[in-house]
Amino acid sequence: MYGKGASQLLKELSSSEPGQLKNFNTDIFEEVIKECITHHLALQSLMRKIQEEGLDIQTTRNADHFGAVIHHLSLMRNKRCLMAYVYHRAEIIQSLRWKVGPVLPEEIQEKLKYSEEEYFRNHSAALMEYISELDLDLTVDMVPPKDPYIQVRVLDDIGFALVGDQSLNLTLHSMHFLKRTDAEQYISQGLMEDLSGS
Amino acid sequence: MAHYYDIDDIIMEGELISVSFHVAANGVGLDPGSETNCVEQGSKVELPFWLAHELHQRQAVSINVPACFNQKTRKEIQADAACVDLRNRCLYFYELGCKIAPMVGDRTIGSFLLYTFTCRYKEVLSKAHSSAFVVAPKFLTLLTKEETQLYEAARSSMAAFRKWRLGGPRFEKASILGKKRKPND
């Protein structure tokens, strides 16, 4: 049946949880592109046949015409499916920059295609440029904090890190009293836990 | 008109419906019963909605009412709307119904859809707000896509309300990272 592979791609997209990425399905993606090439060849040969019979391609409504129409519609459908697949992945990738930060953890990185990684890097670079131009970090929390400092617990062995203007030893399960803006990136990466509870 | 990239709209348009061809078409492998590579005039074929819709506009096919809108389903809905397994019949029951009604010229489909939705809506909302999480999966298997989204919306609004009332940490780990356990856990 025409357009089946393309539907499969999108079903996979809709069955995954919102905001979660799966591996780029290169197999089906390329299969659909091959299907498109077959449709294109069939479309061309039908059009040639109409022209060879000496009929006007604009007004003919014979069996060849409808065959060509079906191939044309299948091409449009496949195009829409492929575009939607890439578009939705690109949206998720964009949101990663805001949620996770400029560096992706490895388990996400391996799900991306090369071109998607490049997209992420370019988006990140564009955002950084805009942030430095504005001189305002746009990725921090939108709600003003009640207290500029929060209590956090370290969930992973980070080791020595430069937090704010001092170097801290962030060992596993140690607790710290940090500036909220400094802690934010660690919390969103899952390396720290917010203990202040408000 | 739905968004060009709308996933649900695209999947909905992949639903198969049966049509009868008024014209012949060459060079297409749509008819599984035909030996040659073409569709003959008058043959009945199952086509996905996106193809059937466009061919209908060109007056090349006529569309038969899909099984999920037939008399048998209507009787079941009248008996007890909330217990009918619509997910199994057609995952995009309402969306497909809305699109197909003007094409088959059946005026009763519209009111039938409205009746079905109003009967089931009440049930969906009350279950979403009251039932414990363990009961939900069995009931969820009966819902169409649209109803599932409503159910999720109701649940998440309740969760947000609870969070607002009881409080909780404002910062959380990005949800995309939460799925995998660390190997040393």
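Naming: A, B, ... by sequence-line order, numbering from 1 per chain. None of these values were measured; they are calculated from a predicted model.
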Winner by heavy-atom pair count (cut-off under 4.5 Å) against chain B, out of A:K11, A:K49, A:H88: A:H88
Audit row: A:C81, B:I10, side chain to side chain contact (heavy atoms under 4.5 Å, CB included) steps and yes/no: CA-CA 7 Å; A:C81 292; B:I10 296 176; 3.7 Å; yes
Neighbour count above 12 (heavy atom, 6.0 Å) for B:Q57 CD: yes
Side-chain touch A:S14/B:K145, heavy atoms, less than 4.5 angstrom: yes
Which portion of A:S74 sits near chain B, non-hydrogen atoms under 4.5 angstrom: both
Heavy-atom check, side chain of B:N26 versus side chain of A:H65, under 4.5 Å: no
Side chain, backbone, both or neither of B:Q41 within contact of chain A (heavy atoms, under 4.5 Å): neither
NE2-OH distance between B:H3 and A:Y87, expressed to the nearest 0.5 angstrom: 4.5 Å
Any donor-acceptor pair under 3.5 Å from A:R61 side chain to B:V23 backbone: no
Nearest-0.5 Å distance that lies between atom CD1 in A:I70 and atom CG in B:L47: 7.0 Å
Straight-line distance of B:W50 CH2 to A:N78 CG, nearest 0.5 Å: 6.5 Å
Verdict with reasoning, B:L51 to A:R77, per side chain to side chain contact (heavy atoms under 4.5 Å, CB included): CA-CA 9 Å; B:L51 192 51; A:R77 163 78 180 178; over 6 Å; no
A:Y149 atom OH, over 12 foreign heavy atoms within 6.0 Å: no
Residue part contacting chain B, namely of A:L73, when any heavy atom lies under 4.5 Å: both
Verify same cluster id: A:L172, A:M175 (apolar side-chain graph, 4.5 Å): no
B:A25 versus A:G67, closest heavy-atom pair with distance: CB-N, 3.8 Å
Verify same cluster id: A:L96, A:L127 (apolar side-chain graph, 4.5 Å): no
Single-linkage hydrophobic cluster B:Y94~B:L150, side-chain heavy atoms < 4.5 angstrom: yes
Non-neighbouring partners of A:K79 that pass side chain to side chain contact (heavy atoms under 4.5 Å, CB included), sequence neighbours left out: A:M83, B:Y4
Common cluster, B:Y115/B:F117, ILVMFWY with side-chain heavy-atom separation under 4.5 Å: yes
More than 12 heavy atoms from other groups under 6.0 Å of NZ on A:K22: yes
ILVMFWY cluster, A:I33 and A:V86 together (side-chain gap under 4.5 Å): yes
Atom of A:A84, atom of B:Y5 and distance for their closest heavy-atom approach: CA-CD2, 3.6 Å
Heavy-atom pair count under 4.5 Å with chain B, highest-scoring of A:N62, A:D64, A:L13, A:L46: A:D64
Salt bridge flag under 4.0 Å for residues B:D6 and A:R80: no
Other residues, nucleotides, ligands: >12 heavy atoms within 6.0 Å of A:M128 CE: no
